[in-house]
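Each chain gets a letter, A, B and so on, in the order its sequence line appears, and its residues count up from 1.
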Protein chains: 2
Amino acid sequence: MRLSKRGEYGLRAMILLADAQKNSPTGMTQIKEISAREEIPAKFLEQILLALKNAGLVHSKMGIGGGYYLARASKEITLGQIFRTLDGPLAPVKCVSQMAYEPCGCPDEETCGLRMVMGDVRNAISNILDNTTLAAVVKRVEAARA
Amino acid sequence: MRLSKRGEYGLRAMILLADAQKNSPTGMTQIKEISAREEIPAKFLEQILLALKNAGLVHSKMGIGGGYYLARASKEITLGQIFRTLDGPLAPVKCVSQMAYEPCGCPDEETCGLRMVMGDVRNAISNILDNTTLAAVVKRVEAARA
DNA sequence: CTAAAAGTCTACTAATGTTATAGGATTTAT
DNA sequence: ATAAATCCTATAACATTAGTAGACTTTTAG
């Protein structure tokens, strides 16, 4: 049940961008700054941010003084959206995926006990990640710092 | 967030063994029968059952008329135990794992927003898998069949 | 006692996925 | 024009996964 480094780095970067949004209007931040502050390999982060950009979650500005910033207010972006962009479906098995259903190979899906339980697991994960916004995470971090 | 085939096959096999326990005292079943009924490659299943045996979750009997059976009553075995044996820790990131903690590389664990949320995810998964027994799964399957 | 039926155990392989790194192309401010 | 930044694609090194192969051991039936 592991989160990939790609997903981890991407989520951490997005939380940083959400935090930056509070200091300046857009919160535009350069790759190298995110990379330095979060200790993420810069060229790897570049690919990740590009994927998030293509998914419409961040915008960017090229050239001198450019950088990345959230495409929407931080309370309009959920961790679930970021996760799915970088790591694919939340569901532990494809046969309970809402976004990318596929049969998993059990003889009868309707009476597959594993499928029932994994459906619960998927819903539990979704209830957290699809209902947690970047703004909520930033708020929680501030509470922890206090 | 994917369950491996190894984990999937192992969980399905264990649910079958739990069901078999209701028909005969031990519910002893041969690899080839599990393999046929669950459509799992026999030699792969062999390795999986061996791992479950070494973890003390099933017992076996060699020779003619042998097979595998649950080491305890089906209500004494949780899906969490099986999952961990075959796929490792439940936690999406090591820094929130109860069984196998390791730092994940964020600059400060105490104020890492991702870590907080992933802690919640781990707990949600654990609440399901560590509280669901094989007996409960079998019961649920029967309810679905009715 | 022997042969067949079952699990035991280890090694190997092919395919895939992960985690990067490299380097040129493009855009923008000065 | 130049420097600073993102854009984009390729590729390499490594790890994991899913499965296969085969020799070995134990047990029972005859």
Check the pair B/R145 / A/D108 against salt bridge (charged side-chain N to carboxylate O under 4.0 Å, His left out), numbers first and verdict last.
CA-CA 11 Å; B/R145 262 198 258 268; A/D108 178 17; 5.7 Å; no
Walking along DNA chain D from 5' to 3', note the first and the last nucleotide with an atom under 4.0 Å from a heavy atom of chain A, and give both.
D/dA3 to D/dA10
Do we see a donor-acceptor contact under 3.5 Å between the side chains of B/S126 and B/N123?
no
Roughly, in whole Å, what's the span from CD in A/E8 to P in C/dT19?
9 Å
Atom CZ of residue position B/R2 - does it have more than 12 heavy atoms of other residues, nucleotides or ligands inside 6.0 Å?
no
Measure from NZ on B/K5 to C1' on C/dA14 and round the result to the nearest Å.
18 Å
Out of A/D130, A/I128, A/V121, A/V96, which one pairs with A/L90 under the side-chain contact (heavy atoms from CB on, under 4.5 Å) rule?
A/D130
For A/P89, does its backbone N or O pair with a side-chain atom of A/R84 as donor and acceptor, under 3.5 Å?
no
Under 2.5 Å between SG of A/C104 and A/C95
yes
Taking OP1 and OP2 of C/dT19, is either one under 4.0 Å from a side-chain nitrogen or oxygen of A/R2?
yes
Kindly say whether B/S4 contributes a backbone atom to a donor-acceptor pair with the side chain of B/D87 at under 3.5 angstrom?
yes
Full working for side-chain hydrogen bond (donor to acceptor under 3.5 Å, both in side chains) between A/K75 and A/T133
CA-CA 5 Å; A/K75 69 169 190 289; A/T133 65; over 6 Å; no
Under 3.5 Å, N/O pairs linking protein and nucleotides 6-10 of chain C:
from	atom 1	to	atom 2	distance (Å)
C/dA6	OP1	B/Q30	OE1	3.3
C/dA6	OP1	B/Q30	NE2	2.7
C/dA6	OP2	B/K32	NZ	2.8
C/dG7	OP1	B/I31	N	3.1
C/dG7	O3'	B/S60	OG	3.3
C/dT8	OP1	B/K53	NZ	3.0
C/dT8	OP1	B/S60	OG	2.7
C/dT8	OP2	B/Y68	OH	2.2
C/dT8	O4	B/E46	OE2	3.3
C/dC9	N4	B/E46	OE2	2.6

